[in-house]
Amino acid sequence: MNIVKDLAKVAMVTGASSGMGMETARRFAKEGYGLALGARSVENIEKLARSLENPDQVMTSALDLTSLPSIQSFTKSAQDRFGKVDVLINCAGVALGREPADQGNLEEWRTMVETDYFGPMALVRAILPGMKEQGSGHVINIGALAALFPHPGSAAYASAKEGIRMFLKCLREDTLGAGIRVTNIDPGITDTGFALTRFRGSSEAVGKLMEGFTPLTSRDMAECIWFAASLPAHVNIDQMTVTPTDQSSPTRLHKRQ
Ligand SMILES: NC(=O)c1ccc[n+]([C@@H]2O[C@H](COP(=O)([O-])OP(=O)(O)OC[C@H]3O[C@@H](n4cnc5c(N)ncnc54)[C@H](OP(=O)(O)O)[C@@H]3O)[C@@H](O)[C@H]2O)c1
């Protein structure tokens, strides 16, 4: 294994195979970061790595957040390659279905809790000792506007995202004085593959949601993530909520003719 330990900064980006994670990897690559990219779709992250400024500063590895051995193997590969992680960016996430709670599919609920809540916690647990040792680090998590407002058809997804938000608040307490920054960013509707997954592949349902409406883009979100990371080490953004101008809550959208 080729060990690269002289890089100024290293970012670990989950969900880099698509949407916000992919755009965030591009943004951090432009800034000269070494990158550890993870997702289940390895082909996508390998293709992304080849397209970046410095492909030799990029590590790609399969990551399935529903599997603890996969999380451990991913973080070990990053550690072997770079010897450190300066910024952990949890972009990976999933929402499945919009049924009311009495009709929810338990396997889908488990997938959401593992991907959006337990997996990111396990990743933080794996990289935190290294950050404490180096006396610096930044955990940036992509939550969801859905976590901030109770609304129908989102019980499992919204509560998983709300759970990770409280985990991060506690993490902030546990790491106070260690030089570690913790940021949670809650986006509203963003034009990625997310809605298509949520609507189980129905492009008609996605089209209806987006009709007459301008969502955020992955690039908008990558800029917000970069903004939080680029501030001086003594500045911590605890919480950022980012919405399309025409969205005020998960259920209130202004549609234009
Ligand atoms: N788009 C929105 O409207 C919206 C709104 C609020 C919050 N969010 C949040 O924003 C984040 C980014 O999502 P996105 O909008 O960029 O959606 P996306 O394009 O669907 O990307 C989701 C990413 O998560 C990865 N992922 C899913 N399950 C995984 C698993 N078990 N293990 C590892 N990686 C997994 C996917 O990669 P693989 O399939 O290759 O594993 C993919 O790279 C998510 O946390 C999502 O909950 C999105």
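Note that ligands are numbered from 1 as they come in the structure, with each ligand's atoms numbered from 1 the same way. Just so it is clear, the model here is predicted, and its values are computed rather than measured. Because only heavy atoms are used, hydrogens play no part in the values below, and waters and symmetry mates are left out as well, while side chains stay in.
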Using distance only, find each side-chain donor-acceptor pair of residues 117-124 under 3.5 Å and give its atom names and separation, not counting sequence neighbours.
none

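Rounding to the nearest 0.5 Å gives a distance of 8.5 Å between OG1 of Thr24 and CD1 of Ile140.
Counting only residues at least two apart or on different chains, the salt bridge (Lys or Arg N to Asp or Glu O under 4.0 Å) pairs with a member in residues 225-242 are Arg172-Asp238.
For Lys30 and Glu53, the salt-bridge test fails: no basic side-chain N is under 4.0 Å from an acidic carboxylate O. Between Arg200 and Glu99, at least one side-chain N (NZ, or NE/NH1/NH2) sits under 4.0 Å from a carboxylate O, which counts as a salt bridge.
Near ligand 1, residues Gly15, Ser17, Ser18, Gly19, Met20, Ala39, Arg40, Ser41, Leu63, Asp64, Leu65, Thr66, Cys91, Ala92, Gly93, Thr115, Ile142, Gly143, Ala144, Tyr157, Lys161, Pro187, Gly188, Ile189, Thr190, Thr192, Gly193, Phe194 each place a heavy atom inside the 4.0 Å sphere around the ligand atoms.
Not a single salt bridge (Lys or Arg N to Asp or Glu O under 4.0 Å) links Arg98 to another residue, sequence neighbours left out.
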